[in-house]
Amino acid sequence: MAVRLCDVASLLRSGSWAPEPWTGQVIAAMETQLSNGPTCNNTSNGPSTMSNNCSSPVESGSIEDSKTNLIVNYLPQNMTQEELKSLFGSIGEIESCKLVRDKITGQSLGYGFVNYVDPKDAEKAINTLNGLRLQTKTIKVSYARPSSASIRDANLYVSGLPKTMTQKELEQLFSQYGRIITSRILVDQVTGVSRGVGFIRFDRRVEAEEAIKGLNCQKPPGATEPITVKFANNPSQKTSQALLSQLYQSPNRRYPGPLAQQAQRFRLDNLLNMAYGVKSRFSPMAIDGVTSLAGINIPGHAGTGWCIFVYNLAPDADESILWQMFGPFGAVTNVKVIRDFNTNKCKGFGFVTMTNYDEAAVAIASLNGYRLGDRVLQVSFKTNKTHKA
DNA sequence: TCATATT
């Protein structure tokens, strides 16, 4: 791919584009995402070669799978299978794609699988999309381990940890019992201090069992109190409970009504007008804001979402740059770089579809005028008219 | 006394 994450991150820091104060938080989120790059996740999940390290390959199929089949974790709750396919399809041809959902509620479980035709594309997807910020999440892209019963229910819940214990120290404590797939210490959202509870996911269930035997009711080195180690709650059971409790909720609390949405829109439009006041620069967005309030001729609205026109992309731009730029602002359902049929080079523009008006509006306000390389992007809702130069 | 990682 032509535009690397790190290039964009350095461009963001170059100072050529100064964000307005009100966009600071969003841009800070973007910078984090763009600077995170491909290698921000520290816990590896490569192909599980430990279990079949004999000289002759057990099964050529499973080894092939491990090179094309990816597991994608920490997906935004509202992301659909189609969006997952759209995102990963921008890298290469996909053999199959599955978003895992709760069997009962149908809710996304926040992870999925993408199987490429070409192992090179799988590798490229890890390098390109691992660490990508989507809404409030940072997705993780890694090779899927061959599916088997032995790797299920290998997740531990740990409580009573010393508040000073770091994630690294937690892993050190547990790593003697097996390969750790992922670990986490929960922190207070306000203070950021450890809540003394966390999770350890082992490669295999037997490793988790041994860790319980060895560490439950034991004091970690230097600790004054023993810790509790047990299997973590099964997430599917939890969603069933949520379903049950939902039955007892008043129905009108489940979805925000049109009034609430309109109120939100008013606040957002005021915010946008303020932003353009500060900029002292006319932008078509101000008109978009007003017309959408009046409910007439809504630009960019195509029923399926809000279509955004992105102009002045470089000839070597690709879809991933659009995901990187717009993903942090909210639900993106599709991106498209328009290319010349013969040269396959970008013709200088592309489109992004976002589900929610508010998020699309903030993305536009934030990214219009954004300098990408030596180009200043023009970002607006797509209009029906042909764009003139 | 628990966020969401094996189709």
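Naming: A, B, ... by sequence-line order, numbering from 1 per chain.
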Could you tell me whether the side chains of A/Glu171 and A/Ser183 share a donor-acceptor contact shorter than 3.5 Å? yes
Could you verify whether a donor N or O on one side chain and an acceptor N or O on the other, from A/Asn115 and A/Glu95, lie under 3.5 Å apart? yes
Which nucleotide wins on minimum distance to the side chain of A/Asn69, given the candidates B/dT7, B/dA3, B/dT6? B/dT7
Send over the distance from A/Ile139 CD1 to B/dA5 P, rounded to a whole Å. 13 Å
Can you see if the side chain of A/Ser147 gets near the phosphate of B/dT7 - specifically, an N or O under 4.0 Å from OP1 or OP2? yes
For A/Phe231, does the six-membered ring have the charged nitrogen or CZ of A/Arg205 within the cation-pi criterion, i.e. under 6.0 angstrom from the centroid and within 45° of the normal? yes
base_contact_polar (B/dT6 base, A/Arg145 side chain, donor-acceptor, <3.5 Å): yes
Round to the nearest Å and state the distance from A/Leu161 atom CG to B/dC2 atom C1'. 13 Å
Rounded distance in Å - CZ (A/Phe202) to P (B/dT6): 15 Å
How close or far is atom P of B/dA3 from atom OH of A/Tyr74, stated in whole angstroms? 13 Å
Using atom CD1 of A/Ile200 as one end and atom C1' of B/dC2 as the other, report the distance to the nearest whole Å. 14 Å
When you measure from the side chain of A/Arg133 to the backbone of A/Gln135, do you find a donor-acceptor pair of N or O atoms at a distance under 3.5 Å? yes
Side chain of A/Asp153, base of B/dA5: donor and acceptor closer than 3.5 Å? no
Write down the distance between CG (A/Asn73) and P (B/dA5), rounded to a whole number of angstrom. 5 Å
Nearest whole Å is fine: how far is B/dA5 P from A/Arg204 CZ? 21 Å
Can you identify which nucleotide, out of B/dA5, B/dT7, B/dC2, has its nearest atom closest to the A/Phe113 side chain? B/dT7
Quick check for you: among B/dC2, B/dT7, B/dA5, whose closest atom lies nearest to any side-chain atom of A/Lys230? B/dC2
Which comes earlier along DNA chain B counting from the 5' end, the contact point of A/Arg201 or that of A/Tyr157, where each point is its nearest nucleotide? A/Tyr157
Which part of the nucleic acid, if any, lies within contact of A/Lys137, taking any heavy atom under 4.0 Å across all strands shown: a base, the sugar-phosphate backbone alone, or nothing? sugar-phosphate
Spacing of A/Met79 atom CE and A/Ser86 atom OG [to the nearest 0.5 Å]: 7.5 Å
In whole angstroms, how far is the C1' atom of B/dT7 from the CG atom of A/Leu70? 13 Å
Tell me which nucleotide among B/dC2, B/dA5, B/dT6 gets nearest to the side chain of A/Ser142. B/dA5
From the candidates B/dT4, B/dA5, B/dT7, the one with an atom nearest any side-chain atom of A/Arg184 is B/dT4
Tell me what A/Arg195 touches on the nucleic acid: a base, only sugar-phosphate, or nothing, going by heavy atoms under 4.0 Å. sugar-phosphate
